[in-house]
**Student:** 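Before I ask anything, let me first share the structure, which is written out below as C-alpha cells.
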Amino acid sequence: MRTGWTWPARLAAGLGAGVVIAASGTFAAPGAMPGASAVARPASAHLASAAAAQAASSPAVTVAVLGVTPSTPAVTSEAQPLTITVRLTNTTAAPLYDARLDAVREAPVTRPGVIFDLIAHPAAVQPTTDLTPHLLDKPLAARASTTVTFSTTTSDQATAENICLCNRGIYPINLIVRAATAPGGDAAEVGFGQTFVPSFPQRPDPVQVSWVLPLIDRPHRATASDVFVDDQLAGSVSPGGRLDRVLRVIEQVVSAQPAIRLTVLVDPELIDELTTMSNGYQVAAPGRAAVPGGGGAAARAWLDRLRRIAVAVDVALTPPADPDVDALSAAGLDWSPAAGESPDAASTEILGPAAGTDIAWPAGGTLSAQGLAAVRRHGASTVILNAAPNAAASDPKSTAEAPDAVTSTAGLTAVLLDNQLQGLAARALSGASGALPELVAALAVRAAQDPERRHYVALAADRYVNPQPAAAVRTIITTSTASWSTPLSIRQAVATVAPVAQPIASGGASTGLPVSLTSSLVAQLSFVDSLRAALAPADADKLLHGFAAAAQRCESSAWRAEPAGGARCGAELQTLTDGWRHAVWIEPPASGGYTLASSDAPLYLTVVNELPVAVTVRVSLSPRGGIAGLRADPTPKTRLAAGQRLPLRVSVHVTRTGHFSALAQVSTPDGATLGEPVTVNVRSTALGTVGLVITVAAGVVLAAAMARRLLRRLRARRAMKSAAR
C-alpha cells in the first residue's frame, strides 16, 4: 500500500463515497440503495485545509495496509466477513494525540487506467457522509507504529450492518488519519492511504492467469567442473536461503492448490552444480587454496525436493548457465554446449523427460531480430518478452482495454509481460504492505471492464526472485483462484489463447554483457575451434572436454548485473586457452642463428609439443620489417606426438648476401598462432641471382678491359719494331 498527499478530485465524476467502515462494524449512508448514486456534498473544511497544507510535504503518519481478507468478498445477500489490517506509523519526532482512523468506500472503478493511477497516486474524493472514526486508545508516540484491524461485513444490501458491494467493479477504500499535536487540541488530517476491494455480483468470464517462477542462479564454477569459486550456492539451497524459499513457494502452492499449474524455468547448469556438490566438491576462492565444500547434504536435499515436485508443474529448461542470448547474437556467438558436455543429463534425471526447451525467457525481456532467430534456431517455439508500454490502457481517461498477453513474432508465439503488473507482482511476492490488494485490483479490473470476455495475463517473478514465502504463496493462490480468475500454465495458454497483435518492448544487447567480455570470448572460441581442427577427434574430446561448458558460464546473463564476476570468468577462461596456446612452441636455435652458404638452403627449427595429445602444425618464417632478400617456402602440415620435440625443415631462398632478422612462428593448419614468435638471425654467404649477374658482368667487363690493354701493348710493340727497321 503506497501513501500520498496529492488528493485531486480526478475521480469525482461517478466516484461518490458511499459507505463508512469502522473498527467495530460498518455504517451505511442513511437511505442508500443498492446501485444508487450518492449525492456529493462539499468536502469538510478539515479535509480541504489538510490537503492544501500537506500537499507538498511528507505525511506525519504513514498508512500501510497489511492485508485485506478476503481479497475478493463473495457478493451475496447474506453478510460476509471482511477484515482490513492497517499499520499506522508516526514519522515525526513528537507524539500525536486523539488519533483516529476513518475509512470510507468510494464508488466502483471499471477502468484499468484509473486503478493504475490510484495505485501510483493514492487520492481521496469528496466524502458524502460523516466518517465514523476508529479511536486509538493512547497517543501515537514519536516514531512509533500501531496496528488497527477493521472487522466488518459485506453484502449486496445497503444496511447499517454491511458495506454494500452493490455494483460490479473495484471499490477504493480511503483510509484517513486525523490527530492533534497536543492533548485536547484541534485534530487535522495527518495521514492518508488507500486499498481496494473487488466486487462481482455475477461471476465474470475469468481472467486467465499464468505464473512463471525461475529456479536460476549465477554460475559458481569457472573452468573446473568440481571446483567452485565460492560456496554461496550451499547457503542458497540450505533452509532459509533464496533458492530454498523459491522452492518452498512452489511446494506450498502445489500442495494447497493442485489445479494451479505453475511454469517453472530451470537452469540446467544449476542442476549440474548441485549434482556435483552432492557427490563432493571443492571451493577455491581467487588467491586461496582449495578446501572441501560443505553444501553436499543441502544440495542433495534440495534436489530431492525438486524431483518430487517436478511432476506437478510445467518445467522448461533455459540453455545451460542462462546465457545472454541477445548480447551473444549481436557478437556473432552461439551458446549451445558441445556434444557430450551438456548438463541436460542431470536435469533429465531430476526433472524427468517432460522438461523441455520450448520456452525461452531472455534476460531483460527483449530480443533483437538476431536474438529471435537464434532462439527459434535452438528449438524454442514460445518466448516470454516484455510488452511495450500501452498508453491507452494506462490512461485514466481512456476506456481502452488492456490486450491479452499472447502475440506472434518472428515465427514464435510471444507471451508478453506487462511492466506495471510485473512491478506489483514483485512487491507482492516480497511481502510489501498493501501490494497484494493492489495486484488483485489491477488484475480484477480487467474482468470488471468486460465481464463477458476471457482475458489472459502472464506474471513472472524476478529472475533472481527472493520471495517472502507466505506472502508469495498467498499472492499466487489469491490471483489464480479468485471468483474472477483461473490458473493457466504458459504451455496451456499458448495452446488455447488466441494471439492478439500488440507491440513488444524494444531493447537488446546494448544493456547486455560488457563488450570487453564478448570480444574476449569471440577470440578464445575462435582459437579453440582452430585447435580442435588440429587434433584428432578423440584427442580433441580429451583435451577440450569442459571448455564449452566453461565458456557458456562466461556467457551467462548473470554478468549483466555482476560485470566483475564476468571479467573473472573470462580471465580464468583466458588462462586455460593461453595454456594450450603456449604448450606448442619453437625452441630458439642454440647457436643464436643460421648461416646459409647457398641461395637455396634449408634450415631446421625445433618445435616442441607439451600438450598431452598429438597436434598437427605448420611453421612459417618471414623477414622482420618486410626487408627484401629472404623468402621461406610454406611448410607442409606436420603431426607432433604428445611431448615430442621435432626439427622441422624450412626451405629458405636468399637473393643477396648479408644478415637477416626473421620471425619463426608455429600455428595450427588454419592459421591460429601457437606459442610466441621466435627471432631467427640468418647470415647468407651465398650469391643470389642478382649477385651472380653482377659478378659475371663485372668479370666480363674486367676481361674486356684486360683484352683491350693487351691488344694495345701488342700494337705498340709492333709499331716499335717497324720503326727500328
Side-chain angles (χ1 to χ4, degrees), residues 206-217 236-272 274-275 278 298-318 322 343-361 381-382 384 415 425 428-429 456-482 485-497:
V207 177
Q208 302 169 109
V209 179
S210 292
W211 274 98
V212 178
L213 292 180
L215 291 173
I216 295 173
D217 205 52
S236 187
V237 297
S238 295
R242 186 186 74 82
L243 287 171
D244 166 69
R245 293 197 297 276
V246 180
L247 188 55
R248 200 187 322 162
V249 170
I250 298 170
E251 291 170 326
Q252 293 179 7
V253 169
V254 169
S255 175
Q257 291 289 340
I260 298 178
R261 193 80 181 178
L262 296 172
T263 299
V264 180
L265 284 170
V266 183
D267 179 5
E269 172 69 13
L270 172 63
I271 304 301
D272 194 59
L274 292 171
T275 302
S278 300
R300 284 191 296 274
W302 194 91
L303 288 174
D304 287 343
R305 293 165 56 197
L306 179 60
R307 183 186 289 107
R308 288 193 296 269
I309 207 68
V311 296
V313 298
D314 268 13
V315 178
L317 298 175
T318 72
D322 187 32
D344 288 349
S347 300
T348 300
E349 193 277 326
I350 298 295
L351 302 172
T357 57
D358 54 315
I359 300 175
W361 185 34
S381 57
T382 300
I384 302 174
V415 175
L429 293 174
Y456 173 68
V457 174
L459 298 168
D462 290 341
R463 210 169 199 83
Y464 303 102
V465 60
N466 193 5
Q468 200 286 323
V473 171
R474 185 166 57 250
T475 295
I476 294 171
I477 292 177
T478 297
T479 55
S480 301
T481 61
S485 67
T486 189
L488 206 64
S489 73
I490 294 293
R491 290 190 179 111
Q492 290 170 334
V494 169
T496 60
V497 178

**Student:** Rounded to the nearest 0.5 Å, how far apart are OG of S480 and CG of L459?
**Tutor:**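 S480 OG to L459 CG: 8.0 Å, rounded to 0.5 Å.
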
**Student:** Walk me through it: do D267 and D217 pass the test side-chain contact (heavy atoms from CB on, under 4.5 Å)?
**Tutor:** CA-CA 8 Å; D267 179 5; D217 205 52; over 6 Å; no

**Student:** Compare all side-chain heavy atoms of Y456 with those of V415 and state whether any distance is below 4.5 angstrom.
**Tutor:**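 Y456 reaches V415 side chain to side chain.
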
**Student:** Answer yes or no: is there a side-chain heavy-atom contact under 4.5 Å between V246 and P467?
**Tutor:**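 With C-beta onward as the side chain, the pair touches.
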
**Student:** Is there a donor-acceptor pair closer than 3.5 Å between any side-chain N or O of S210 and the backbone N or O of L488?
**Tutor:**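 Yes; at least one donor-acceptor contact below 3.5 Å.
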
**Student:** Tell me the closest heavy-atom pair linking Y464 and I216, and the distance in Å.
**Tutor:**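 Result for this residue pair: CD2-O, 3.7 Å.
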
**Student:** Is there a donor-acceptor pair under 3.5 Å between the side chain of S489 and the backbone N or O of Q492?
**Tutor:**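 Confirmed, S489 side chain pairs with Q492 backbone.
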
**Student:** Give a yes or no on whether the backbone of T475 and the side-chain of T478 come within a donor-acceptor separation of less than 3.5 Å.
**Tutor:**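 Not a single qualifying donor-acceptor pair exists.
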
**Student:** Determine yes or no for a side-chain-to-main-chain donor-acceptor pair under 3.5 angstrom, with R307 supplying the side chain and G352 the backbone.
**Tutor:**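 Between the backbone of G352 and the side chain of R307 there is no qualifying donor-acceptor contact (under 3.5 Å).
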
**Student:** Looking at T263 and I490, would you say the former's side chain and the latter's main chain have a donor-acceptor pair under 3.5 Å?
**Tutor:**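 Yes.
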
**Student:** Quick check: do V249 and W211 have side-chain heavy atoms less than 4.5 Å from each other?
**Tutor:**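 They are not in side-chain contact.
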
**Student:** Show your working on side-chain contact (heavy atoms from CB on, under 4.5 Å) between L306 and V264 and close with a plain yes or no.
**Tutor:** CA-CA 11 Å; L306 179 60; V264 180; 5.6 Å; no

**Student:** Rounded to the nearest 0.5 Å, what separation is found between the CD atom of Q252 and the CZ atom of R474?
**Tutor:**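 If I round to the nearest 0.5 Å, the distance is 11.0 Å.
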
**Student:** Give a yes or no on whether the backbone of L274 and the side-chain of W302 come within a donor-acceptor separation of less than 3.5 Å.
**Tutor:**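 No, W302 side chain to L274 backbone: no donor-acceptor pair under 3.5 Å.
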
**Student:** When you measure from the side chain of R242 to the backbone N and O of S236, does any donor-acceptor pair fall under 3.5 Å?
**Tutor:**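 Not at all, since once roles are kept as given, no pair shorter than 3.5 Å links the two residues.
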
**Student:** To check you understand the geometry: which heavy-atom pair defines the closest contact between R463 and P214, and what is its length?
**Tutor:**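 Looking at all heavy atoms of both residues, the shortest contact is O-CG, 3.5 Å.
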
**Student:** Which heavy atom of I271 sits nearest to which heavy atom of I350, and what is that distance?
**Tutor:**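 So the two residues come closest at CG2-CG1, 3.8 Å.
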
**Student:** Write down the atom of S485, the atom of A482, and the distance for their closest heavy-atom approach.
**Tutor:**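 Where S485 meets A482 most closely, the heavy atoms are OG-N, 2.9 Å.
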
**Student:** Please evaluate residues R248 and D244 with respect to the criterion salt bridge (charged side-chain N to carboxylate O under 4.0 Å, His left out), reporting the C-alpha separation (whole Å), side-chain torsions for both, the decisive distance (0.1 Å), and the verdict.
**Tutor:** CA-CA 6 Å; R248 200 187 322 162; D244 166 69; 2.9 Å; yes

**Student:** Grab the two heavy atoms, one from T479 and one from I476, that are nearest each other, plus how far apart they are.
**Tutor:**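 Reported closest heavy-atom pair: OG1-O, 3.2 Å.
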
**Student:** Output, in order, the C-alpha distance, side-chain angles, deciding distance and verdict of side-chain contact (heavy atoms from CB on, under 4.5 Å) for L243 and L270.
**Tutor:** CA-CA 11 Å; L243 287 171; L270 172 63; 4.0 Å; yes

**Student:** Between T382 (side chain) and I359 (backbone), is there a donor-acceptor pair under 3.5 Å?
**Tutor:**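 Side chain of T382 to backbone of I359, a donor-acceptor pair under 3.5 Å: no, none is there.
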
**Student:** Using modelled atom types and a 3.5 Å cut-off, is there a donor and acceptor pairing between side-chain atoms of R261 and backbone atoms of V313?
**Tutor:**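 Present.
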
**Student:** To the nearest 0.5 Å, what is the distance between CG (L351) and CD1 (I309)?
**Tutor:**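 Separation between the atoms: 12.0 Å.
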
**Student:** To the nearest 0.5 Å, what is the distance between CG (L317) and CG (D358)?
**Tutor:**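 CG of D358 is found 9.0 Å from CG of L317.
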
**Student:** Determine whether L303 and S278 satisfy the following criterion, side-chain contact (heavy atoms from CB on, under 4.5 Å), listing intermediate values before the conclusion.
**Tutor:** CA-CA 9 Å; L303 288 174; S278 300; 3.9 Å; yes

**Student:** What's the separation between atom CD1 in I477 and atom CD in Q257, rounded to the nearest 0.5 Å?
**Tutor:**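 Between atom CD1 of I477 and atom CD of Q257 there are 5.5 Å.
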
